[in-house]
Amino acid sequence: AADRPARPGFERLSGLVQLDRGSGSLQLTSRDAAVMLPGVFREPRIPLSQLAADIRWKGGNVPEARIATLALSNAELEVSATGTWKAAGDEGGPGSADLTARIERLDVRAAHRYVPLAAGEGTLYWLQHALLDGRLSDGSVRLRGNEGEGLPIAAVCKRAYEERVQISATGFYATPGIRWNWATSE
């Protein structure tokens, strides 16, 4: 129904789910799939030419999940990731997460599509209008912290800015709102 909020989802997902007494695993090997993440990205549907994953979890007193491998790609992007999530257990409080992602390839003109809305409208606007051409390669991102603190997107963006990131020789950027008038030399 139109009044119901959009929910996350998938298209053309294929793989294997195994469940066994409080634990399980998910292996994906999908082609021409899509992931829908409304409320996370400006463009909630992310088409993927390939999606592969090996994810395992267990329940019990301290539930946890481990991403042994996650790899996704499309015409603009190629990313791989590993990580863990662990509940706080009996002491209560938030759980903790540790995720490491490697950006093998990214067309910088599309960077704004893959940065969460939580990064802020200013950041997304800059990414969309300032990165005119180029290719990012050999990048990495690490998210680590407690659930209750939220994802440290602002800290990740700051660190990515401060760290060395490889952009190909054809990489260009512009500063939105700042222009040079050749006629008046202003």
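All heavy atoms count here, side chains included; hydrogens, waters and symmetry mates do not.
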Is there side-chain contact between R56 and S23, with heavy atoms separated by less than 4.5 Å? no
L131 and side-chain contact (heavy atoms from CB on, under 4.5 Å): which single residue from V108, D107, L106 fits? V108
Are K58 and R66 side-chain neighbours, meaning at least one heavy-atom pair lies under 4.5 Å? no
Is a side-chain N or O of T100 found less than 3.5 angstrom from the main chain of T82, in a donor-acceptor match? no
Non-hydrogen side-chain atoms of L77 and Y114 separated by less than 4.5 Å: yes
Heavy atoms, side chains only, cut-off 4.5 Å: are S137 and R105 in contact? no
Could you tell me the separation between the CZ atom of R31 and the CD atom of Q50, rounded to the nearest 0.5 Å? 4.0 Å
Quick one: does any side-chain atom of S30 pair with a main-chain N or O of S14 as donor and acceptor, under 3.5 Å? yes
Distance col, row I67:CD1 vs L99:CG, nearest 0.5 angstrom, shows 5.5 Å
Do the side chains of L19 and W57 get nearer than 4.5 Å, heavy atoms only? yes
Going by an N to O cut-off under 4.0 Å, is there a salt bridge joining R109 and E76? no
With a 4.5 Å heavy-atom cut-off, do K86 and S96 have their side chains touching? yes
Indicate yes or no: does R142 engage D98 in a salt bridge with an N to O separation below 4.0 Å. yes
Does L70 reach the side chain of D54, with side-chain heavy atoms less than 4.5 Å apart? no
Indicate whether any N or O donor in one side chain lies under 3.5 Å from an N or O acceptor in the other, for Q128 and R42. yes
